[in-house]
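Keep in mind that the numbers below use all heavy atoms, side chains included, and drop hydrogens, waters and symmetry copies.
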Amino acid sequence: MTKGVHREALGERIQNMTQPVRIAVVGAGRIGQAHIKRVIEEPEAELAAIVDPSLQARELANTLKTVWVAEIVAMLQTVKPDGVVIATPNQLHVAGGMASIKAGVPMLIEKPVADDVGSALQLVEAAEQVGVPILVGHHRRHSPLIQSAKEIVASGRLGQITAVNGLSLFLKSKDYFDVVWRREPGGGVVLINLIHVIDDLRNLCGDVISVQAAESSAARGFPVEDTAAILLRFRNGALGTLMISDAAAAPWSWELTSGEDKAYPHTDQFCYLIAGTEGSLTVPRLDIWHYAEDRTWWAPIECARRIVPEQDPLTLQMRHFCEVVRGKAKPLLDGRDGTRTLETTLAVKKAAETGEVVMLS
C-alpha cells in the first residue's frame, strides 16, 4: 500500500467531515476502558467496536450497544473503523499495530510502543512507508500543565537549562503485589512507571544522550526493584537527576501533584524542577523563580506562579487523535519519537544492570 492509496482510502471513509470519527478500542482493561469513556464523551468521535476476547469486554460492548469482536484482524475486516486505539498488553502492541497498518487505519497506540526498540522501529518504519499515522499514548503530552511548562522553557525565560530534577515517589499498596508478575523482573518501577517520567523530561528538556543508574530492592526484598536513582545527560548540556520509588510514603509524584487523575489525592507540591541561567521552574506548580535585577545569590529572588485552567489530558488526546485521523493534524508524539522515550527508559535498566554509562543513539 502506498501513501497515496492510504490517503485515498481514508478520504473515502470520512469524506463527510461533519460525521464523527468511528474509533475501535482494542483492549478493554483499565486503560482501554478509560479510552472507551473518552470516545463516548467526545462529540467528534463514535465508538465503532470493542475488541477483546474476554467475557467482561463482551458484556461491556452489550451494555454500551456497540460491536464486540474477539480479535483485531476480524474487526478491521468487518467493522472498517476510521481509527484504532491499541490498549492491549505491551507484548501485543506490535501485532495490533501491524494489522492496523495493513488495513490502512491510523492508530493511537498505548506506551510503550513495543517491548524493545527493534520491534518498535519495525512498526514505525512499516507505518511510515505507507503513510499510516501513529499517535503514541503518552497522554501527559496533552496536559495543559506540561504544555505550559514546555512553553515557558522554550520561550527562553529560564535561559540556558543547566540542571533538571525529577521525583516520582509513591507508595503502592500491599495487595498490588498479589499478582505474581509484579514481584518478578520486568514488573518493577523502572519498566512499569518510569517511562512516563522519562517522556515528561524529554518533552520539557530535550533528548537524553547518556544514562547512569542504580537500582535497589531493599524495601520489599522482591526479585524486582522498588527504587532507582538515575543520572541523565541531555543533548543541550544540562544534567538531570531522577529518583523513583514505589515504596516511599511521599507526595512527590505526577499523580499526586498534578491533580489531573481524580483517583489520586491532590497535594500542593511539585515533582519536577528545571533550573536555568535566567530562572527556574517547578512543575506542575508552574512557579517561575527569577531575579528582578542583579543575577546573583546575594540579590532577592522573586516567584510568580502561572495559573492554567484544568483539563483532562486523556480527553484532549482523544480530540487530537480525531484530528489526526481526519488528516487535519500531525501526531503530537509520533511513533519514532515515542520509540526514543522507550530507548531512554530501557537504557536506565541496562545502566543499572551493568553499572556502565549507556550512550543513546
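Residue Leu281 is not grouped with residue Leu167 when hydrophobic side chains (ILVMFWY) are merged at heavy-atom distances under 4.5 angstrom, including chains of intermediate members. Placement of Val224 and Ile192 within a single hydrophobic cluster is found when ILVMFWY residues are connected by side-chain heavy-atom separations under 4.5 Å, directly or transitively. Cluster annotation: Val94 is connected to Leu76 through the hydrophobic network of ILVMFWY side chains, with a link wherever side-chain heavy atoms come within less than 4.5 Å. The same ILVMFWY cluster, assembled from side-chain heavy atoms under 4.5 Å apart, contains both Leu242 and Tyr272. Cluster membership check: Val124 does not share its hydrophobic cluster with Val132, using side-chain heavy-atom separations under 4.5 Å among Ile, Leu, Val, Met, Phe, Trp and Tyr.
Within 6.0 Å of CZ in Arg220 there are more than 12 heavy atoms belonging to other residues, nucleotides or ligands. Residue-environment remark: CD (Gln91) exceeds the threshold of 12 foreign heavy atoms within 6.0 Å. Annotation for Gln160: atom CD does not count as buried by contact number, only 12 or fewer foreign heavy atoms lying within 6.0 Å. Environment of CH2 in Trp181: crowded, with over 12 heavy atoms of neighbouring residues, nucleotides or ligands closer than 6.0 Å. Heavy atoms of other residues, nucleotides or ligands lying less than 6.0 angstrom from CH2 of Trp68 number more than 12.
A donor-acceptor pair under 3.5 Å links the side-chain atoms of Thr162 to the main chain of Ala275, judged by distance alone. Side-chain atoms of Asp294 do not come within 3.5 Å of backbone N or O of Thr296 as any donor-acceptor pair. Judged by distance alone, with hydrogens and angles left aside, the side-chain atoms of His142 form no donor-acceptor pair with the main-chain N or O of Leu314 at under 3.5 Å. The main-chain N or O of Glu44 is found under 3.5 Å from a side-chain atom of Glu42 such that the two form a donor-acceptor pair. Judged by distance alone, with hydrogens and angles left aside, the side-chain atoms of Glu225 form a donor-acceptor pair with the main-chain N or O of Val189 at under 3.5 Å. Remark: the backbone N or O of Ala28 is paired with a side-chain donor or acceptor of Gln33 at under 3.5 angstrom. Between the side chain of Arg22 and the main chain of Val79, a donor-acceptor pair closer than 3.5 Å is present. Side-chain atoms of Arg182 come within 3.5 Å of backbone atoms of Tyr176 as a donor-acceptor pair (strictly under, hydrogens ignored). Under a 3.5 Å cut-off, the side chain of Arg295 and the backbone N or O of Thr277 do form a donor-acceptor pair. Distance alone, capped at 3.5 Å, is enough to place a donor-acceptor pair between the Glu71 side chain and the Ala74 backbone.
At least one side-chain heavy atom of Asp207 sits less than 4.5 Å from a side-chain heavy atom of Arg340. Asp334 places none of its side-chain heavy atoms less than 4.5 Å from the side chain of Leu135. Residues Leu47 and Leu64 meet the side-chain proximity criterion, which asks for heavy atoms closer than 4.5 Å. Looking at heavy atoms from C-beta onward, Phe270 lies out of side-chain contact with Leu286 at the 4.5 angstrom threshold. Side-chain contact between Ile288 and Ile152 is present, with at least one heavy-atom pair separated by less than 4.5 Å. Side-chain atoms of Glu215 and Lys349, non-hydrogen and from C-beta on, do get closer than 4.5 Å to each other. No side-chain heavy atom of Leu232 sits less than 4.5 Å from a side-chain heavy atom of Leu239. For the pair Thr241 and Leu231, the minimum side-chain heavy-atom distance is below 4.5 Å.
A pairwise comparison of heavy atoms in Ile86 and Ser100 identifies CD1-OG, 4.0 Å as the closest pair. For the residue pair Trp289 and Thr282, the shortest heavy atom distance occurs at NE1-CG2, 4.5 Å. In terms of heavy atoms, Val113 sits closest to His93 at O-CB, 3.2 Å. Val208 and Leu360 get closest at one heavy-atom pair: O-CB, 3.8 Å. The two residues Ile301 and His290 make their nearest non-hydrogen contact at CG1-O, 3.4 Å. Looking at every heavy atom in both residues, Ala329 comes nearest to His320 through CB-CE1, 4.0 Å.
The one candidate from Thr66, Val67, Val69 that meets the side-chain contact (heavy atoms from CB on, under 4.5 Å) condition with Ile50 is Thr66.
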Is there a side chain to side chain contact (heavy atoms under 4.5 Å, CB included) between Leu316 and Gln147? Walk through the geometry before answering.
CA-CA 12 Å; Leu316 297 174; Gln147 290 185 343; 5.9 Å; no
Report the C-alpha distance between Arg326 and Asp82 in whole Å, list the side-chain angles of each, state the deciding distance to 0.1 Å, and finish with yes or no for salt bridge (Lys or Arg N to Asp or Glu O under 4.0 Å).
CA-CA 9 Å; Arg326 292 189 188 278; Asp82 301 322; over 6 Å; no
Walk me through it: do Glu151 and Arg306 pass the test salt bridge (Lys or Arg N to Asp or Glu O under 4.0 Å)?
CA-CA 12 Å; Glu151 184 275 323; Arg306 177 176 291 191; 2.6 Å; yes
Give the C-alpha distance, both sets of side-chain angles, the deciding distance and a yes or no for salt bridge (Lys or Arg N to Asp or Glu O under 4.0 Å) between Lys37 and Glu41.
CA-CA 6 Å; Lys37 179 177 184 290; Glu41 293 174 346; 2.7 Å; yes
Verdict with reasoning, Asn193 to Lys172, per side chain to side chain contact (heavy atoms under 4.5 Å, CB included):
CA-CA 11 Å; Asn193 302 102; Lys172 289 181 178 175; 2.8 Å; yes
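Residues His138 and Gln317 bring no donor and acceptor atom of their side chains to less than 3.5 Å of each other. For the residue pair Ser217/Asp226, the side-chain donor-acceptor check at 3.5 Å is not satisfied. Side-chain contact check for Asp52 and Ser54: at least one donor-acceptor pair (N or O, by modelled atom type) lies under 3.5 Å.
By the 4.0 Å N-to-carboxylate-O rule, Asp199 lies too far from Lys111 to be salt-bridged with it.
We find the CG-CZ distance between Asn62 and Arg58 to be 7.0 Å, quoted to the nearest 0.5 Å. In this structure, the separation between CZ on Arg140 and CD1 on Ile146 is 7.0 Å, given to the nearest 0.5 Å. Taking CG of Asn165 as the reference point, atom CG of Leu273 lies at 6.0 Å (rounded to 0.5 Å). Taken from SG in Cys205 to CD1 in Ile274, the straight-line distance is 4.0 Å, to the nearest 0.5 Å. We find the CG-CD1 distance between Asp337 and Ile134 to be 12.5 Å, quoted to the nearest 0.5 Å. Expressed to the nearest 0.5 Å, how far CG of Leu92 lies from CD1 of Ile72 amounts to 10.0 Å.
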Cut-off 3.5 Å, no hydrogens considered: what does the side-chain donor-acceptor table look like for residues 256-263, sequence neighbours left out?
unit_1 : atom_1 : unit_2 : atom_2 : d
Thr257 : OG1    : Ser253 : O      : 2.8
Ser258 : OG     : Trp254 : O      : 2.9
Ser258 : OG     : Trp254 : NE1    : 3.3
Ser258 : OG     : Glu260 : N      : 3.2
Glu260 : OE1    : Trp254 : NE1    : 3.3
Glu260 : OE2    : Ser143 : OG     : 2.5
Asp261 : OD1    : Ala263 : N      : 3.0
Lys262 : NZ     : Gly259 : O      : 2.7
Lys262 : NZ     : Glu310 : OE1    : 3.4
Lys262 : NZ     : Glu310 : OE2    : 2.7

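The salt bridge (charged side-chain N to carboxylate O under 4.0 Å, His left out) search around Arg336 returns Glu128, not counting sequence neighbours.
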